[in-house]
S.K.: 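One structure is given below, represented as structure tokens, and several questions about it will come after.
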Amino acid sequence: MANTSDLPCDADGTCMVCKKKAPDGETLTCKTCVTPWHSTCLSVPLKTLADAAHWECPDCSLTADQPGGATVKPSISGGDLVEKIRAIESDQSLTDREKAKRRQELLSGDAKSASPEGPNQEQKNSNGETNDGLAILGDKLNCSICMQLLDRPVSTPCGHNFCLKCFQKWVGQGKRTCAICREVIPSKMAREPRINSAIVIAIRNAKMSQSNVSGGVSRVNHFVHNKDRPDKAYTTERAKRSGKANACSGKIFVTVPLDHFGPITAEHDPERNVGVLVGETWEDRMECRQWGAHFTHVAGIAGQSEYGAQSVALSGGYEDDEDHGEWFLYTGSGGRDLSGNKRTNKKQSFDQKFDKSNEALRVSCKNGYPVRVVRSHKEKRSSYAPQEGVRYDGIYRIEKCWRKAGIQGFKVCRYLFVRCDNDPAPWTSENNGDRPRELPTVEELKHATDITERKKSPAWDFDEGQGRWIWKKPPPESRKAPDAYDEEGKITKRARRQKRNESVKERLLKDFSCLVCRKVMVLPLTTPCAHNFCKACLENSFAGQSFIKQRTCGGTRTLRAQKNVMKCPSCSNDVSDFLQNPQVNRELMNLIESLQSQMKEENMESEELDGANDEDAELCDETDDACIEVDMGEEIDGTNGKSNIGAENENCDASAEILKEEKDEKEGSKPLSNTNPQPPIEKKALGRCDAVSDDKEAGVARGEMPKRRNKRRGAGEEACSLAPNGGKKRRGNKT
DNA sequence: GGGCCCGCAGGG
DNA sequence: CCCTGCGGGCCC
């Protein structure tokens, strides 16, 4: 709390407390208002010099909870800093904005770019690609009060962004209008400002790309599999059995690659935007596969021997398994005679080896990779198995693996799995996730051979500071990026292009996706509940609704006007007030448009370099959002896409008009590809995918889906000639 | 509940 | 292109 006796230095640098001129080494400058203070006269002295760069004066920290929260190390000492700030302040050639920018650069420790001749020079790497994410942001994500990079950003309904502290300080002074446009700040917003997480993530990513040597740990690639398939598993004509006995997989709803390690987070779940949650249950393995928890629909282990295993299923297929919930002993695959067209065989007839998927598990053990675990109702001996269906139980790590003689006498590969998930297990009443726990004593290890224990530090581990399990090392890079390699294993032109285009800018743009259409926002709006949408998308979500609805009262014919509640598409907050006069967040819009135009220029340059006759040219021939964003969801509605609350064509046109008008105001802004407002994606029932329309399903079930191999072995060979592609060359299997 | 059967999907 | 696989429907 501020002490009333705290006073700053006056214009001459004389401390108003001790009335002496404060020496340079004893002057402190507030990071918010840039006022100099005499450090020795402060009632709450600074703990370390390191706090100096982020010190906030008693006036500015009135609303701040605790001082000293800053952790960023300054590169400049206190006295030096003040001198530099003074130099900036007294530079007549600079505008106020430029001064603020330079102050910010100084205070953020970015002294190199604060050199007088070239502030904010973009740093280029050897490829000429801009790597300095924060520089790309420019001053577009600066707080309009302190002019520094937004810290805990909040966005007003009038479309302006402030640091939480600055905003709180502003309203704490009794001000109820926006510092920029003087628009009234809604009282709820003033009381409970919400952090705009899209901006947080964008800044975080920008910082990450700045500090990252190459690539980026948090990079999110979006791969779409089976996207043209129906929502449900389906049977081809060829399949002799109905239902899912011999079915093909339906659409994969999440955008992780098939060899994705670790949890499936919200950013990979365009369908529901929550990710795959612990405890989520599906009807069967096909459905489980569609949500990416465990991709292989028969095999218990999903993995690659040279690369690692991503997930396992506990389905009671091997009697040696031993389940204790938080830890379990898993048995490898193989050792069974599968001749005669069998898929499994209870009887073991030879030893298992550490090869194929057994080796994949061992690789995950050695590296400490996170392994997703699903339990099936078919595991009858475990009390932790679900009653029905297949359930996602979270992340485990393989702490040890070995071989031992199994129940049937032949050797089996064995794995000790220990849970390490940030969410509580489905069976526990705890409401926190796992903490590192001691390994259980495994009796059978006494008789084990080929024991493998992890030697290096695990890739997935508990971070004491954050109090959660995180990637301590970058997750293995996916080898399953579509079309990344040609037949000879050389990287393809398309992949090269994709790599090149995966610039910092592109990643930043992804952070500015509309929560409805999931594309980069056009005319971004931030609701008071801090969710971001395209203007058209949000308005279109309530097309046909009026702000006031009339209700008859108590059986009489009196009509009473009542406010119509309009729930934010992302949460249950009423956004009807906001919608009466929604203001575009122009700072965001400017940033998005500048990123897009820069990317377009870069793309054009690389087109020229590539030559005109590139067969993939249509992929990225514009600053096409489809290139940036996953284009899922569009087909969900198909032709009868106007699913939302009776949205009518006129309404769509109307909002498109508004869009256009607003757009035309801005000179030279290029039309964006997604000016068509998208209807909101229909929410799917959790873990279910039965929302597909009958005709659609029927259409696909006719069997013209993907071309399939026509291979077969063992019995039933005759039926082969009836297959749709029976005329194609096919292996002459012996009968 | 056990056994048989076989399309599919992924690994290599 | 072949091999493998802790599925799932159905018959007994």
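The chains referred to below are lettered A, B, ... by the order of the sequence lines, with proteins before strands, and numbering in each begins at 1. What you see is a predicted model, and the numbers here were worked out from it, not measured in a lab.
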S.K.: State plainly whether the residues A:E444 and A:K404 are in salt-bridge range, i.e. N to O under 4.0 Å.
M.R.: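 Judged by the 4.0 Å cut-off on N to carboxylate O distance, A:E444 and A:K404 do form a salt bridge.
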S.K.: Quick one: side-chain contact (heavy atoms from CB on, under 4.5 Å) partners of A:L515, sequence neighbours excluded?
M.R.: A:N273, A:H531, A:F533, A:S570
S.K.: A:H260: what forms a ring-ring contact (aromatic ring centres under 6.0 Å, His included) with it, not counting sequence neighbours?
M.R.: A:H268
S.K.: Name all residues meeting the ring-ring contact (aromatic ring centres under 6.0 Å, His included) criterion together with A:Y369; count only those two or more places apart in sequence or in a different chain, and write none if there are none.
M.R.: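 A:Y369 satisfies ring-ring contact (aromatic ring centres under 6.0 Å, His included) with A:F261 once adjacent residues are dropped.
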S.K.: Which nucleotide, C:dG8, B:dC6, B:dC8, lies nearest any side-chain atom of A:T236?
M.R.: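 Nearest to the side-chain atoms of A:T236, counting from C-beta on, is B:dC8.
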S.K.: Holding to side-chain hydrogen bond (donor to acceptor under 3.5 Å, both in side chains), I want the full list of residues that pass it with A:D421, two or more places apart in sequence or in another chain.
M.R.: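 side-chain hydrogen bond (donor to acceptor under 3.5 Å, both in side chains) list for A:D421, sorted by chain: empty.
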S.K.: Counting only non-hydrogen atoms, which of residues 327-337 of chain A are less than 4.0 Å from DNA chain C?
M.R.: A:Y330, A:T331, A:S333, A:G334
S.K.: Test: ring pair (Phe, Tyr, Trp, His ring centres under 6.0 Å). Region: residues 421-447 of chain A. Which pairs qualify, not counting sequence neighbours?
M.R.: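 Residue pairs passing ring pair (Phe, Tyr, Trp, His ring centres under 6.0 Å), neighbours aside: A:Y384-A:W427.
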S.K.: Can you give the dot-bracket line for DNA chain B, using ( ) for pairs inside the strand, [ ] for pairs that cross earlier ones, | for pairs with another strand and . for unpaired bases, where Watson-Crick and G-U count if both distances are under 3.5 Å?
M.R.: ||||||.|||||
S.K.: Dump the pairs, protein N or O against N or O of nucleotides 10-12 of chain C, anything under 3.5 Å, distances to one decimal.
M.R.:
| residue | atom | partner | partner atom | Å |
| --- | --- | --- | --- | --- |
| C:dC10 | OP1 | A:S242 | OG | 3.4 |
| C:dC10 | O4' | A:R241 | NH1 | 3.3 |

S.K.: Contact class for A:S305 vs. all strands (heavy atom < 4.0 Å): base, sugar-phosphate, or nothing?
M.R.: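 Counting heavy atoms under 4.0 Å across all strands, the contact made by A:S305 is with sugar-phosphate only.
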S.K.: Which residue pairs pass the salt bridge (charged side-chain N to carboxylate O under 4.0 Å, His left out) test with at least one member in residues 448-458 of chain A, sequence neighbours excluded?
M.R.: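 The answer is A:E399-A:R454, A:R403-A:D450.
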S.K.: Residues in ring-ring contact (aromatic ring centres under 6.0 Å, His included) with A:H324, at least two apart?
M.R.: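 A:H324 satisfies ring-ring contact (aromatic ring centres under 6.0 Å, His included) with A:W327 only.
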S.K.: Under 4.0 Å, heavy atom to any atom of DNA chain C: which of residues 403-411 of chain A qualify?
M.R.: none
S.K.: Please enumerate all residues that pass ring-ring contact (aromatic ring centres under 6.0 Å, His included) together with A:F417, with sequence neighbours excluded.
M.R.: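 Once residues adjacent in sequence are excluded, the partners of A:F417 under the ring-ring contact (aromatic ring centres under 6.0 Å, His included) criterion are A:F328, A:Y330.
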S.K.: For A:R285 and B:dA9, is the shortest distance between a side-chain N/O and OP1 or OP2 below 4.0 Å?
M.R.: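 Checking B:dA9 against A:R285, no side-chain N or O comes under 4.0 Å of OP1 or OP2.
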